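In this text, all values refer to a predicted model and were calculated from it rather than measured experimentally. Numbered from 1 within each chain, the chains take letters A, B, ... in sequence-line order.
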Amino acid sequence: MPELPEVETIADGLRLGGQGFPSLLGLTILQAYLLWERTLAAPSPAEFLERIKGQEIEGIGRRGKFLLFQLSQDSLLVHLRMSGDMRLEPSAAPIQPHDRLLLDLEGSLRLAFNDTRKFGRVWLTSSPQDVTGDLGPEPLDPAFTAQMLHERLSSRHRTIKPLLLDQSFLAGLGNIYTDEALFLSKLHPNTPSDNLTLLQAENLLANIRQVLQEGIHHHGASIDWVYRGGDFQNYFRVYGRKGLPCPVCGMPIERILVGQRGTHFCPNCQKGAKL
DNA sequence: ACGAGCGCCTGTCGGC
DNA sequence: TGCCGACAGGCGCTCG
């Protein structure tokens, strides 16, 4: 799925406007069209369509990989999962293949949720914490310190990569940014989490923040058939680069499976915990 | 507590 | 060319 930087980029775009489109802030949702029922996690389709009508968009943000729309009465939460995307367009524009939810807005605008693989989910709720309550800390939150990360890593006995992907441990990292952060940290993806020293945890947190900030700076990555305008895919150091030279030592990047996920790393720079 | 396996979906790519 | 398996930015579930 889009990870933290991609979701942040989408939220920023909708909040700030641009590309000839206004900010969505202050606009009222006139009508919703649900084109694929399972996209809606809650409430029922009938209640959703009725309840969202007439609500104004008062805020747009992100928590972990969730897009958050603060409406006048409820919160609208969107999780893009693997292939979800949001489009803003004139309301007369043609509906696209794989459009799952359309929101007609004031000003002849339409916000469309498009999701090829149908894994994405949408919630309309008055208590968003019921949806996001299990999420771990935000990695970019200055209040989250390396000491806290080290404590959390040490209190578990987990393989580092799947733990970083666990959204209840840390919110927002996905497969790309995890591989990139572990590479910069010179940590093998199979390293046990409680093996890290405080110094290594400090380094890891700094590198997690570095790759996330780079991703945000490049407006996210556009890969496979989902193009959102970002170009961070051109700056990957290891992700998707199997067989290509490590940018640090030149050794070919390897791809292995860790926790069922394709994992890219440099066997020379990221030693330690072999398996 | 942890990890493996699988389901949910559609599409692309590489090998034969 | 066509088919077929592997794989894809995620996550929830069951099971051992």
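- A distance below 6.0 Å separates the ring centres of A:Y177 and A:F232.
- When the side chain to side chain donor-acceptor pair (under 3.5 Å) test is applied to A:N175, the partners found at least two apart in sequence or on another chain are A:K161.
- Between A:K242 atom NZ and C:dC7 atom P there is a gap of 8 Å when expressed in whole angstrom units.
- Listed by chain and number, the residues in a salt bridge (charged side-chain N to carboxylate O under 4.0 Å, His left out) with A:E8 are A:R62 (sequence neighbours excluded).
- In this structure, A:R156 forms no cation-pi arrangement with A:F169, as its terminal cationic atom is not both closer than 6.0 Å to the ring centre and no more than 45° off the ring axis.
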Please produce a list of atom pairs where a protein N or O lies less than 3.5 Å from an N or O of nucleotides 8-10 of chain B.
from, atom 1, to, atom 2, distance (Å)
B:dC9, OP1, A:R38, NE, 3.4
B:dC9, OP1, A:R38, NH1, 2.8
B:dC9, O4', A:R117, O, 3.4
B:dC9, O2, A:R117, NE, 2.7
B:dC9, N3, A:R117, NH2, 3.1
B:dT10, OP1, A:K118, NZ, 2.7

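- For DNA chain C, each stem of at least three Watson-Crick or G-U pairs (distances under 3.5 Å) is given as range with range: B:2-8 with C:10-16, B:10-16 with C:2-8.
- Its side chain within the 4.5 Å cluster rule, A:Y33 clusters with A:L35, A:I95, A:L102 among the Ile, Leu, Val, Met, Phe, Trp and Tyr residues.
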Name the pairs: protein N/O against N/O of nucleotides 1-5 of chain B, kept only if under 3.5 Å.
from, atom 1, to, atom 2, distance (Å)
B:dC2, OP1, A:H157, N, 2.8
B:dC2, OP2, A:R156, NH1, 2.6
B:dG3, OP1, A:T159, N, 2.9
B:dG3, OP1, A:T159, OG1, 2.9
B:dG3, OP2, A:R158, NE, 2.3

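- When the P atom of C:dC11 is taken as reference, atom CG of A:L164 falls 13 Å away, rounded to whole Å.
- Here A:R15 pairs with A:D12 under the side chain to side chain donor-acceptor pair (under 3.5 Å) rule; sequence neighbours left out.
- Between the C1' atom of C:dG10 and the CG atom of A:L170 lies a distance of 16 Å, rounded to the nearest Å.
- Evaluation of the side chain to side chain contact (heavy atoms under 4.5 Å, CB included) rule for A:H157 yields A:P192, A:D194 as partners, not counting sequence neighbours.
- Atom name P, nucleotides C:dG5 and B:dC6: the rounded distance is 15 Å, in whole Å.
- A salt bridge between A:R87 and A:D99 is present, with a side-chain N of the basic residue lying under 4.0 Å from a carboxylate O of the acidic one.
- Of the residues in residues 214-223 of chain A, those placing a heavy atom less than 4.0 Å from an atom of DNA chain C are A:A221, A:S222, A:I223, in numerical order.
- Using atom P as the reference point in both B:dG5 and C:dA6, the two lie 14 Å apart (nearest Å).
- Listed by chain and residue number, A:D166 satisfy the salt bridge (charged side-chain N to carboxylate O under 4.0 Å, His left out) test with A:R158 (two or more places apart in sequence, or in another chain).
- Per the geometry, CD belonging to A:E3 stands 13 Å off P belonging to C:dA8, to the nearest Å.
- When rounded to the nearest whole Å, the span between CG of A:L80 and C1' of C:dG10 equals 11 Å.
- For A:K161 and C:dC11, the NZ to P distance is 13 Å, given to the nearest whole Å.
- With sequence neighbours excluded, no residue forms a salt bridge (charged side-chain N to carboxylate O under 4.0 Å, His left out) with A:E58.
- A:E151 meets the salt bridge (charged side-chain N to carboxylate O under 4.0 Å, His left out) test with no other residue; sequence neighbours excluded.
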